[in-house]
There are 2 protein chains.
Amino acid sequence: MRPLRHPSPDEITLHGILHALADPTRLAIVAALKEQERCVPPDGGDGINCVETMERVKQSLPKSTCSQHFLILREAGLIRSERRGVELFSRLRCRELNERFPGLLQSILSAHAASAPVEAAPVKE
Amino acid sequence: MRPLRHPSPDEITLHGILHALADPTRLAIVAALKEQERCVPPDGGDGINCVETMERVKQSLPKSTCSQHFLILREAGLIRSERRGVELFSRLRCRELNERFPGLLQSILSAHAASAPVEAAPVKE
DNA sequence: TCTGTTGTTCCTTTTTCCTGAACTTAGGCC
DNA sequence: GGCCTAAGTTCAGGAAAAAGGAACAACAGA
């Protein structure tokens, strides 16, 4: 099991971020982590593990696919992950991202929220 | 030669935009069109053709590849293209994009400008 | 009409992505 | 300890997407 690699702020590239967020699943994961951060300030508590995250995202994907998605998000510098026991807890690197590319993550997540409204407000029948 | 298809504002998706801009060449094209718009207000004049755009981007790619890039940008709703004679003139759909996803394009282009400074200001030796 | 330029379409090669299967790691239970 | 289970990881195969060459279409100008 190789160690978790996290890029330093100046190693984070715009291309890496856009590529990571261009995938709907990964964007949903990031949105879920952001929501967690909003609910459990400061700094989103201790993060969420992969299973819990995928449940919130309401997608059931093979474990290998999830692992890849989290790897890409981590290497893009979007999330910081930490192994605790057998689990992997991740959270957004909001502060660093906002210093590196001010407003970028916020505007993408706003656009995401606008185009994919929360399912907590479903259409009544 | 099939007609040029442009999505209406509400057909424009965040995923389409992020996917289109996740490619370095396409991001550079969009940045070049934005720069054109800045130099020739309002609305960037009549647009730039593909050859001229690729020259500003300082990339020499096969024509087929360029054609594909412009197609993807167009179908994502980022640019509006128009055939005039044998040429294809394109320009950014700034206004519509900003109404659809406020601040999104601006923050991406700002991040791009920050991470890839213009080569007009090279490091002195 | 002929020629050169611009861009498109098609098709093949290359690259990237997805996923099932086997594996690693850690915790719980007897 | 031995065994089992759950959470992720790694790897290899096939599927999907992107890149690029070649032939083509459309127009302008001589």
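On a predicted model such as this, the values are computed, not experimentally measured, just so you know. We use all heavy atoms of the structure for the numbers below, so side chains are in, but hydrogens, waters and symmetry mates are not.
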How close or far is atom [atom2] of [N] from atom [atom1] of [X], stated in whole angstroms?
{"X": "Gln68(B)", "N": "dC10(C)", "atom1": "CD", "atom2": "P", "result": "11 Å"}
{"X": "Glu75(A)", "N": "dT16(C)", "atom1": "CD", "atom2": "P", "result": "14 Å"}
{"X": "Met1(B)", "N": "dA25(D)", "atom1": "CE", "atom2": "P", "result": "10 Å"}
{"X": "His69(A)", "N": "dT9(D)", "atom1": "NE2", "atom2": "P", "result": "13 Å"}
{"X": "Leu61(A)", "N": "dC17(C)", "atom1": "CG", "atom2": "P", "result": "15 Å"}
{"X": "Lys63(B)", "N": "dC10(C)", "atom1": "NZ", "atom2": "C1'", "result": "14 Å"}
{"X": "Glu55(A)", "N": "dG8(D)", "atom1": "CD", "atom2": "P", "result": "10 Å"}
{"X": "Asn49(B)", "N": "dT8(C)", "atom1": "CG", "atom2": "C1'", "result": "15 Å"}

| query | More 5' along DNA chain C: Arg26(A) or Arg84(A), using each one's nearest nucleotide? | reply |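 Final value for this comparison: Arg26(A).
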
| field | Phosphate contact (dT8(C) OP1 or OP2) by Arg2(B) side-chain N/O below 4.0 Å | value |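 No, because none of the side-chain N or O atoms of Arg2(B) sits under 4.0 Å from OP1 or OP2 of dT8(C).
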
| dT9(D) OP1/OP2 closer than 4.0 Å to side-chain N/O of Arg83(A) |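 Indeed, a polar side-chain atom of Arg83(A) lies that close.
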
| Would you call Glu37(A) and Lys34(A) a salt bridge, taking side-chain N to carboxylate O under 4.0 Å as the test? |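 Answer for the salt bridge query: no.
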
Between [options], spot the one nearest the side chain of [X], thanks.
{"X": "Ser64(B)", "options": "dT9(D), dA22(D), dA26(D)", "value": "dA22(D)"}
{"X": "Thr65(B)", "options": "dT19(C), dT8(C), dG20(D)", "value": "dG20(D)"}
{"X": "Asp23(A)", "options": "dC18(C), dT9(D), dG8(D)", "value": "dC18(C)"}

| query | dG7(C) base to Ser67(B) side chain: any donor-acceptor pair below 3.5 Å? | reply |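 Flag unset: no donor-acceptor pair detected.
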
| query | Gln68(B) and Ser64(B): side-chain donor and acceptor closer than 3.5 Å? | reply |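 There is no such pair between these side chains.
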
| Would a distance-only check, ignoring hydrogens and angles, find a side-chain to backbone donor-acceptor pair under 3.5 Å from His15(B) to Ala22(A)? |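 Yes, His15(B) side chain to Ala22(A) backbone: donor-acceptor pair under 3.5 Å.
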
| task | Using modelled atom types only, decide if a donor and an acceptor are shared between the side chain of Arg26(A) and the backbone of Ala20(A) within a distance under 3.5 Å. | result |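 Looks like yes, one N/O pair under 3.5 Å.
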
| message | Does any part of the side chain of Leu88(B), heavy atoms only, come nearer than 4.5 Å to the side chain of Asn49(B), both counted from C-beta? | response |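 No; the side chains remain at least 4.5 Å from each other.
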
